[in-house]
Amino acid sequence: MVDLDPEQLDRYSRHVIMDDVGPEGQAALLDASVLVVGAGGLGSPVLQYLAAAGIGRLGIVDDDVVERSNLQRQVIHGDSDVGRPKVDSAREFVNELNPDVTVEPHETRLTNDNAEALIADYDLVVDASDNFGTRYLVNDVCTLAGTPVSHGAIYRFEGQVTTFSGEGPCYRCLFPEAPPEGTVPDCSTAGVLGVLPGTIGCFQATEVVKWFIEEGESLDGRLLVYDAGEMTVDEVPIVADPDCPVCGAEPTLASVSDAEYEGRCSLSD
Ligand SMILES: [Zn+2]
């Protein structure tokens, strides 16, 4: 456990004076490591608040470059970053905000060849990706490894967020396979309200901070569904599927290396 130096006692003073966090909770945050998959709409607020909170080690996985059409919602990147790798501008943003945080940029796509090794190096994964293949891959690797995942997804005016503890239920208990290709368009075809990923990403960051300070009620077992148009938040229970191929009683998936993460990402024959 880290001892807080005078500068850290100052920087994190509003945490340190809270009974629920205190110097111990802040030290736990400084000791924590989080891998953020995606430095886009969801990843931006997640990285902002996790960096500000003093998560000691932040890994960032992304292989995209900043495009001008990203700037409507991806608030850690600036106009002068257009054309640069997102992991570079994300790293600069975090370094400028909080020198306590060690940033580890991984300029790559998460694949079934690299995901197990990458994820093994972190305490928790934030799924801030924008596609089903990555979601199922993150779920399968983390569930097999027992690594907790903060999950978020956005679509036009609607967002979903939950936390998977790594001990089930998992994303596949909720959605055994991805919807047929073409039925759920992505942000670039369907559009998204620019502030929506900010809201959902902040929910994710909240869950991550609570996880490490071990306070409050986790979203584990509950899917929060937020409608920005109606300004409503609903809750859907996530029930463990005893036949789940990843977290069920007799899992059929032993490793992601042979699984398929395209199309419907199905694990059934
Ligand atoms: Zn499951």
Side-chain angles (χ1 to χ4, degrees), residues 34-38 42 46 61 109-155 158-181 183-184 200-201 203-204 206-208 210-212 214 216-226 233-269:
V34 173
L35 184 68
V36 180
V37 180
L42 294 169
V46 166
V61 186
R109 242 188 124 66
L110 201 70
T111 67
N112 46 6
D113 289 329
N114 64 21
E116 283 162 327
L118 264 173
I119 287 171
D121 204 24
Y122 294 89
D123 298 327
L124 181 148
V125 174
V126 176
D127 181 1
S129 68
D130 60 357
N131 65 86
F132 285 102
T134 305
R135 270 173 217 145
Y136 283 95
L137 177 58
V138 165
N139 176 74
D140 294 353
V141 172
C142 290
T143 307
L144 291 177
T147 303
V149 178
S150 164
H151 164 83
I154 47 169
Y155 176 70
E158 194 178 288
Q160 300 181 345
V161 57
T162 187
T163 301
F164 299 108
S165 69
E167 290 164 7
C170 78
Y171 186 68
R172 282 194 192 269
C173 296
L174 186 61
F175 303 115
E177 55 184 21
E181 247 171 305
T183 55
V184 181
I200 298 298
F203 275 133
Q204 291 182 274
T206 306
E207 283 287 278
V208 173
K210 280 162 52 192
W211 181 273
F212 289 113
E214 297 180 30
E217 287 298 320
S218 158
L219 280 174
D220 188 24
R222 298 183 286 153
L223 181 73
L224 221 67
V225 181
Y226 168 64
V233 179
D234 292 310
E235 210 178 281
V236 180
I238 305 175
V239 181
D241 174 5
D243 298 323
C244 175
V246 188
C247 77
E250 289 172 32
T252 56
L253 184 75
S255 160
V256 298
S257 52
D258 301 322
E260 181 74 47
Y261 293 97
E262 284 171 14
R264 305 199 63 180
C265 306
S266 179
L267 289 178
S268 55
D269 300 322

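Remember, it's a predicted structure, so these values are computed and weren't measured experimentally. We count ligands from 1, going down the list as the structure has it; atoms in each ligand are counted the same way. Note that the numbering runs from 1 along the sequence shown for the chain.
Residue pairs meeting the ring-ring contact (aromatic ring centres under 6.0 Å, His included) criterion with at least one partner in residues 125-149, sequence neighbours excluded, are Y136-Y171.
Partners of D130 under the side chain to side chain donor-acceptor pair (under 3.5 Å) rule, at least two apart in sequence or in another chain, do not exist in this structure. For Y226, the side chain to side chain donor-acceptor pair (under 3.5 Å) criterion is met by no residue, not counting sequence neighbours.
Taking 2.8 Å as the limit, the number of protein N, O or S atoms around the Zn ion (ligand 1) is 4.
Across every non-hydrogen atom of E217 and E207, the tightest pair is O-OE2, 3.9 Å.
A donor-acceptor pair is defined here as one N or O able to donate and one able to accept, closer than 3.5 Å; such a pair exists between the side chain of T162 and the backbone of R222.
Counting heavy atoms from C-beta on, the side chains of D123 and V34 never come closer than 4.5 Å.
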